[in-house]
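Everything on this sheet refers to the single structure shown next.
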Amino acid sequence: MQVLNKKCDAFYRLTRPYSCCMVPAIMMNNYANAINQLADVHIDKVNKPHLPLACGDFSMGEGLAITIASPLMAVAMGIMLRSPPLVIGFIIWCIVGGAYSIDLPPLLRWKGNPLMAAVTIISMNGLLLLFPFFIHFQKIVLGNPVSFTKPVLFTAAYMVIWNAAIAFVKDIPDVEGDKAFGLRTLPIIIGKEKVFSIAVNMMLMAYGGAVLVGAFSPSVLCKLVTMIGHSALAFVLWRQAKTIDLSHNKSVQSFYLFIWKLYYVEFLFVHFLR
């Protein structure tokens, strides 16, 4: 039982399920995180020695098995659901996730390029999570014509901004190992402080946009919930950001997990957009 608990904990740390939802999306998230840790096991021994491959809780063979099985299961689910949007989305997700992690110059290893790293995070955690599932439910499940409503378009814009900020914060605690292995991430290029400031201001800008959208809502209830709710979240974010010590990786990692929580809170507020 102790061994099983240890393996379950290692699986959680390998796949990081806090960054996704729904079973096929979880499978694709497993793939993206597992292939990244397979490619970066030597760097993670410096940056994140607690991760399962870096510390030996999972063998490389076990990590490879999860990496291969996860996207196959996701695509199989898409095929069983007879959903071309999901199948196409999962295939693109697989390609983008591989391009982000696999070290095959000059075209791959996107994580070494700040712009491509941000594009990858935006795609996998945002747009490839939103649009394939939205089209699937609209067209395949409900049989309706696909129409991109105001809440959907706002959510897409919010995801782009927020996931870019997540991508920037994600690299801050990894500077030591990334620098040692020749990666040119944004915190290495312009410094931790500037990157952190950019990321926080981007997230505050997203909240400001939400307040502005809410101000034009025809529903009084939706207007109040959207404006007051996002203003409160912006204050919480600003206050939490003031407590972060960028010289301590645990502090930054705690903030990273915190902004993931704020990210998912938004999926509650999006229902009040009109």
Side-chain angles (χ1 to χ4, degrees), residues 10-48 51-54 58-79 83-133 135-136 159-160 163-164 166-171 174 177-178 181-186 188 256 260:
F11 185 79
Y12 176 87
R13 287 180 284 124
L14 179 77
T15 58
R16 302 176 188 177
Y18 55 78
S19 59
C20 64
C21 61
M22 293 181 284
V23 174
I26 290 174
M27 293 298 102
M28 291 311 303
N29 179 78
N30 292 351
Y31 159 77
N33 283 301
I35 194 173
N36 184 52
Q37 291 188 39
L38 279 173
D40 283 0
V41 64
H42 54 300
I43 301 177
D44 288 337
K45 288 180 179 179
V46 177
N47 287 339
K48 300 168 183 173
L51 292 179
L53 293 179
F58 271 160
S59 68
M60 294 294 285
E62 288 171 323
L64 182 61
I66 293 170
T67 302
I68 295 173
S70 294
L72 292 178
M73 291 173 64
V75 172
M77 290 179 194
I79 293 172
S83 176
L86 291 184
V87 173
I88 294 170
F90 295 154
I91 291 173
I92 295 173
W93 199 332
C94 191
I95 293 171
V96 172
Y100 175 79
S101 299
I102 296 173
D103 191 2
L104 188 64
L107 298 178
L108 303 185
R109 193 61 168 174
W110 290 356
K111 71 178 303 174
N113 181 295
L115 175 60
M116 295 309 298
V119 168
T120 301
I121 301 298
I122 290 169
S123 300
M124 292 195 298
N125 293 331
L127 303 183
L128 287 174
L129 188 62
L130 172 65
F131 287 116
F133 282 97
I135 296 172
H136 167 75
M159 282 181 163
V160 168
N163 279 289
I166 286 175
F168 295 156
V169 174
K170 176 180 177 293
D171 287 334
D174 296 342
D178 290 347
F181 289 94
L183 293 180
R184 295 283 292 167
T185 61
L186 199 60
I188 293 175
Y256 176 71
W260 270 111

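Values reported hereafter were calculated over all heavy atoms of this structure, with side chains retained and with hydrogens, waters and symmetry mates removed.
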Between [X] and [Y], is any pair of side-chain heavy atoms under 4.5 Å apart?
{"X": "Leu38", "Y": "Met60", "answer": "yes"}
{"X": "Lys48", "Y": "Asp174", "answer": "yes"}
{"X": "Met28", "Y": "Ser70", "answer": "no"}
{"X": "Trp110", "Y": "Val96", "answer": "yes"}
{"X": "Asp44", "Y": "Leu53", "answer": "no"}

Roughly how far, to the nearest 0.5 Å, is the [atom2] atom of [Y] from the [atom1] atom of [X]?
{"X": "Ile95", "Y": "Ile91", "atom1": "CD1", "atom2": "CD1", "result": "7.0 Å"}
{"X": "Leu86", "Y": "Trp93", "atom1": "CG", "atom2": "CH2", "result": "10.5 Å"}
{"X": "Ile66", "Y": "Ile35", "atom1": "CD1", "atom2": "CD1", "result": "13.0 Å"}
{"X": "Asp171", "Y": "Ile166", "atom1": "CG", "atom2": "CD1", "result": "12.5 Å"}
{"X": "Leu129", "Y": "Asn29", "atom1": "CG", "atom2": "CG", "result": "9.0 Å"}
{"X": "Asn113", "Y": "Leu183", "atom1": "CG", "atom2": "CG", "result": "11.0 Å"}

Enclosure of Met77 CE (heavy-atom neighbours >12, cutoff 6.0 Å):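 Yes, because the 6.0 Å sphere around CE of Met77 holds more than 12 heavy atoms from other groups.
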Can you list the residues that meet the side chain to side chain contact (heavy atoms under 4.5 Å, CB included) rule with Ile88, with sequence neighbours excluded?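 Ile88 satisfies side chain to side chain contact (heavy atoms under 4.5 Å, CB included) with Ile92 only.
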Over all heavy atoms of both residues, which pair between [X] and [Y] is shortest? Give the atoms and the distance, please.
{"X": "Ile121", "Y": "Asn163", "value": "CG2-O, 3.4 Å"}
{"X": "Ser101", "Y": "Ala39", "value": "O-CB, 3.4 Å"}
{"X": "Pro85", "Y": "Ile135", "value": "CG-CG2, 3.6 Å"}
{"X": "Pro52", "Y": "Gln37", "value": "CD-OE1, 3.6 Å"}
{"X": "Pro132", "Y": "Gly89", "value": "CG-CA, 4.0 Å"}
{"X": "Tyr31", "Y": "Cys94", "value": "OH-O, 2.8 Å"}

Would you call the rings of Tyr256 and Trp260 parallel, tilted or perpendicular if under 30° counts as parallel and over 60° as perpendicular?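 Tyr256 vs Trp260 ring planes: perpendicular.
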Could you list the residues that satisfy salt bridge (Lys or Arg N to Asp or Glu O under 4.0 Å) with Asp40, not counting sequence neighbours?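 In terms of salt bridge (Lys or Arg N to Asp or Glu O under 4.0 Å), with neighbours along the sequence ignored, Asp40 is linked to Arg109, Lys111.
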